[in-house]
Amino acid sequence: MSHTSRDLAATPETVWEVLSDGWMYPLFVVGASRMREVDDDWPEVGARLHHSVGAWPALLDDSTQVVEMHPRTTLTLLAYGWPFGRARVTFRLTPSGAGTSVEVEERVDRGPGRFVPSLLHDPPMTWRNTETLRRLAYVCENRP
């Protein structure tokens, strides 16, 4: 399991606005290269993002589904990553002074990726989530 956090100079409301706009995910999620469709009820439980991962011409179409949502505090997603499996990703937002502490927890919960020792898959997941939070900070901290 990967657990990463970062303090953002943005309010929880601003961070939630970004997480609630499915079309913005390719701006900050490492590996998401394009958004094909966002369900109208995103980020309600059951709603999906329909995206592609990878780099052209080796793009894979996939989706991510909301399984838990508490506005301005928690968003838990099932990120499908064929052929590797599925990961459960949770964003937690906590007010911190004038900003927000954002935590990302990710664990592979289905598919062949479950059988890869954590010693091998945790470091790359942590690096990816560290970069995702860095990009999320850019987006949130520079919103008008």
Quick check: do [X] and [Y] have side-chain heavy atoms less than 4.5 Å from each other?
X      : Y      : answer
Glu37  : His51  : no
Ser2   : Trp127 : no
Glu103 : Thr4   : no
Val102 : Leu133 : yes
Asp61  : Arg36  : yes
Met69  : Thr76  : no

Euclidean distance, [Y] [atom2] relative to [X] [atom1], rounded to 0.5 Å:
X      : Y      : atom1 : atom2 : value
Met35  : Asp21  : CE    : CG    : 9.0 Å
Glu141 : Thr11  : CD    : OG1   : 11.0 Å
Thr90  : Arg107 : OG1   : CZ    : 8.0 Å
Leu75  : Glu68  : CG    : CD    : 9.0 Å
Thr132 : Leu27  : OG1   : CG    : 12.0 Å
Leu19  : Trp42  : CG    : CH2   : 9.0 Å

Using a cut-off of 6.0 Å, state whether more than 12 heavy atoms not belonging to Asp40 lie near its atom CG. no

Within a reach of under 6.0 Å around CZ of Arg72, are more than 12 heavy atoms found that belong to other residues, nucleotides or ligands? no

Under 4.0 Å between a Lys/Arg side-chain N and an Asp/Glu carboxylate O for Glu106 and Arg88? no

Any chance the side chains of [X] and [Y] put a donor and an acceptor closer than 3.5 Å?
X     : Y      : result
His50 : Asp39  : yes
Thr94 : Ser101 : no
Arg34 : Ser52  : yes
Ser63 : Arg48  : yes

Cluster question for you: counting only ILVMFWY and a side-chain heavy-atom cut-off of under 4.5 Å, with indirect links fine, are [X] and [Y] together?
X      : Y      : answer
Phe91  : Tyr138 : no
Leu136 : Val53  : no
Val139 : Trp16  : yes
Val67  : Val29  : no
Val18  : Tyr25  : yes

Pair Val108, Arg86 - check side chain to side chain contact (heavy atoms under 4.5 Å, CB included), show working. CA-CA 6 Å; Val108 177; Arg86 182 181 79 183; over 6 Å; no

Looking at every non-hydrogen atom in both residues, tell me the closest pair between [X] and [Y] and how far apart they are.
X      : Y      : answer
Val15  : Cys140 : CA-SG, 3.8 Å
Arg6   : Leu8   : O-CD1, 3.5 Å
Thr100 : Pro12  : OG1-N, 2.8 Å
Gly54  : Leu59  : O-CD2, 3.4 Å
Ser96  : Asp7   : OG-OD1, 4.2 Å
Gln65  : Tyr80  : OE1-OH, 3.6 Å

Would you check, one step at a time, whether the test side chain to side chain contact (heavy atoms under 4.5 Å, CB included) holds for Met125 with Met1? CA-CA 8 Å; Met125 271 199 303; Met1 178 176 1; 6.0 Å; no

Exam field: side chain Thr74 to backbone His70, donor-acceptor pair closer than 3.5 Å: no

Chi angles and distances behind the side chain to side chain donor-acceptor pair (under 3.5 Å) call for Asn129, His3: CA-CA 8 Å; Asn129 290 332; His3 183 91; over 6 Å; no

Please lay out, stage by stage, how Glu105 and Val89 fare under the test side chain to side chain contact (heavy atoms under 4.5 Å, CB included). CA-CA 6 Å; Glu105 184 178 287; Val89 181; over 6 Å; no

Walk me through whether Arg134 and Glu131 qualify under salt bridge (Lys or Arg N to Asp or Glu O under 4.0 Å). CA-CA 5 Å; Arg134 186 172 74 88; Glu131 176 63 15; 2.7 Å; yes

Stepwise, does the side chain to side chain contact (heavy atoms under 4.5 Å, CB included) test hold for Leu78 with Asp109? CA-CA 9 Å; Leu78 293 179; Asp109 73 345; 4.0 Å; yes

